[in-house]
**Q** 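Below are the structure tokens for one structure; questions will follow.
The shown structure was predicted, so the numbers you read here are calculated from the model rather than taken from an experiment.
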Amino acid sequence: TTTTSTSTTPISKELENQDCPFQVAFSHHSESEVQAILEEAVALYPDLARVHNLGTSTNGEHLWALQISDNPNVVEDGEPWMYIAGNIHGNEVVGREMLLHFAQYLLCSYSHNQHVKRLVDFTNIYLLPSINPDGYATAEKNNQRSVCTQTFDGGVVGRTNGHDVDLNRNFPDQYRDPTDPLQKETKVLMGFASSNPFVLSANLHGGSLVASYPYDGRADGYGYSVCPDDEAFKLLARTYADNHRKMGKTNYPCGQQDRFDHGITNGAAWYSLFGGMQDWVYLHTNGMEITIELSCCKFPKEDTLVEYWLDNKQALFSYTQKVHIGVTGHVFDATSRKGVPNINITVTKKEEKRVMSAHFGAYWRLLSPGTYTITASGNGYISQSHSVTVGSATPYDVAKLDFTLQRGSDFGRFEEYYQTVILSGGSSTSSDTKASTQGGQIFGYIVLAVVVLVIVLAVVLVIRRKVLPRMRLYNVVSDVNSASSVTNTLTKFSNLGYHDTALLSSDSEDEENVV
């Protein structure tokens, strides 16, 4: 059942690692302090941690991600990816602090806790403490930020970004497009979530105590909005709520204004919203995401943060483990025997959710226990379907299903693409790869400028001297043209449609680095 399948590996309920060299104070941290903490994590644990600058906010603050894995500089075959993001509403700050303490817990416990070591060794984890630093800066200056009562959660000062836009109403929606232009922060998150093969994620909020799951909206107004993976989402939400010290222990966690059974709710059943992040992630990326409300008071006093950490410690760990459930496997080319990325993986009767095979042809599909028919299909290949049974939702007890696809009669149309991008092993969507690609483009532009200059000088010489070795000039131009035609193509893992892609590329100055 959903209740029993949320069982997980128990960890200590007390504060730990007091003697660890990496210490995070139980206080509210400014942007510069967050950056310093992340940099210290990497300095102390260079083999386990890496900091990524995903881009900048409206007001120019960096949007940081801390990657934690046993090989953070290597894309490992078959290792699932997951992220947890905090502070999308700038005045909802508990998640921001919990992620800093979660990072400390994982890094400090790695050497002596076998359960933590197993999670870090076999998972590519990204923690994003704040995706709305501009809103946080506004909320931080509010003298009434921590004035909370049974009926007042702290208000809305600092909720929005630097353009006064609610970022969790700013994503393209299946029912309504956002009323405001896509913000820089939204574009960064869309690029980050869609350019990497994330399997599971969470978005941390404040103002209540509940785990909410898709869909957030429905076409005809209010009420429960069922998505194809409703059972799996309830399992994921119950995992967090059941392992939290307070969530789900009472039906009215923050007074009489909200009622939640078992600490979870369907988003639209609570209240309908459009443009939310979790629905967009579900429909447009490989991942499945829930929204977790961590506190009745949005910006609580510092002396309560220890209790919040003890409340959420087991829940964060247990939820992260759930990236290791469902079905996983590889897609291979029957001729080359190599892994094939960018193959569509769909589950019968759940076709709205489409994932794509990633590096080395690996794929992951989160599913609740049951028997499913899964299909692998892609351009130039003959589709293939198999039945698979997911026996449990216990972490690491994942079902295995590989596909070996025969090339179709139209493979020739895509052969160059597969030879250069897929059968060569694909390429990582890392910032290093992107930087390399951009560097190659810049080099090409420099070479082209030199060629143009040579041509101009040659014309001058023709005019002045009436003589010029034309064959030599032709050879120079031909060589440059041949060199400029060689480009690095990034492997694409997202399900972004044309509309989303156009929105992302609509403002060239908003181009951001993705990991």
**Q** Looking only at side chains, do Asp279 and Tyr175 share a donor and an acceptor under 3.5 Å apart?
**A**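 Asp279 vs Tyr175: no donor-acceptor pair found between side chains.
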**Q** Holding to ring pair (Phe, Tyr, Trp, His ring centres under 6.0 Å), I want the full list of residues that pass it with Tyr363, two or more places apart in sequence or in another chain.
**A** none
**Q** Hey, is Asp229 close enough to Arg365 for a salt bridge, meaning N to O under 4.0 Å?
**A** yes
**Q** Check the orientation of Trp81 and Tyr126. Use parallel for under 30°, tilted for 30 to 60°, and perpendicular for over 60°.
**A** parallel
**Q** Provide the closest heavy-atom pair for Glu302 versus Ser27 in the form atom of the first, atom of the second, distance.
**A**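 Here Glu302 and Ser27 meet closest at OE2-CB, 3.4 Å.
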**Q** Once you measure the plane-to-plane angle for Phe102 and Tyr105, does it fall in the parallel (<30°), tilted (30-60°) or perpendicular (>60°) bin?
**A**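 Rings of Phe102 and Tyr105: parallel, under 30°.
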**Q** Taking atom types as modelled, find out whether His359 and Asp77 have a side-chain donor-acceptor pair closer than 3.5 angstrom.
**A**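 No, because no side-chain N or O of His359 sits under 3.5 Å from a partner of the opposite role on Asp77.
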**Q** State which residues pass side chain to side chain donor-acceptor pair (under 3.5 Å) with Ser69; sequence neighbours excluded, sorted by chain then number.
**A**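 Only Glu79 meet the side chain to side chain donor-acceptor pair (under 3.5 Å) criterion with Ser69.
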**Q** With no hydrogens and no angle check, is any side-chain donor or acceptor of Asp180 less than 3.5 Å from a backbone partner on Val165?
**A** no
**Q** How are the rings of Phe198 and Phe192 set to each other: parallel, tilted or perpendicular (split at 30° and 60°)?
**A** tilted
**Q** Go through the side-chain N and O atoms of Gln183 and His163 and say whether any donor and acceptor fall under 3.5 Å apart.
**A** yes
**Q** Only counting residues at least two apart or in another chain, list the ones meeting side chain to side chain contact (heavy atoms under 4.5 Å, CB included) with Thr123.
**A** Met82, Leu119, Ile125, Val323, His324
**Q** Quick one: list whatever passes side chain to side chain contact (heavy atoms under 4.5 Å, CB included) with Thr179, sequence neighbours left out.
**A**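 Testing Thr179 for side chain to side chain contact (heavy atoms under 4.5 Å, CB included), a comparison that skips the adjacent residues, returns none.
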**Q** Counting N and O atoms only, with roles assigned by atom type, does the side chain of Asp47 sit under 3.5 Å from a partner on the main chain of Asn71, one being a donor and the other an acceptor?
**A**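 A pair under 3.5 Å: no.
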**Q** In this structure, are over 12 heavy atoms from other groups packed under 6.0 Å from Phe22 atom CZ?
**A** yes
**Q** Can a side-chain donor-acceptor contact be found between Asp258 and Trp270 if the only test is distance below 3.5 angstrom?
**A**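 Judged by distance alone, the side chains do pair up.
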**Q** Would you please name every residue forming a side chain to side chain donor-acceptor pair (under 3.5 Å) with Asp121, sequence neighbours left out?
**A** Tyr110, Lys117
**Q** Residues in side chain to side chain contact (heavy atoms under 4.5 Å, CB included) with Thr291, at least two apart?
**A** Asn203, His205, Ser212, Gln278, Glu293
**Q** Indicate yes or no: does Lys184 engage Glu61 in a salt bridge with an N to O separation below 4.0 Å.
**A** no
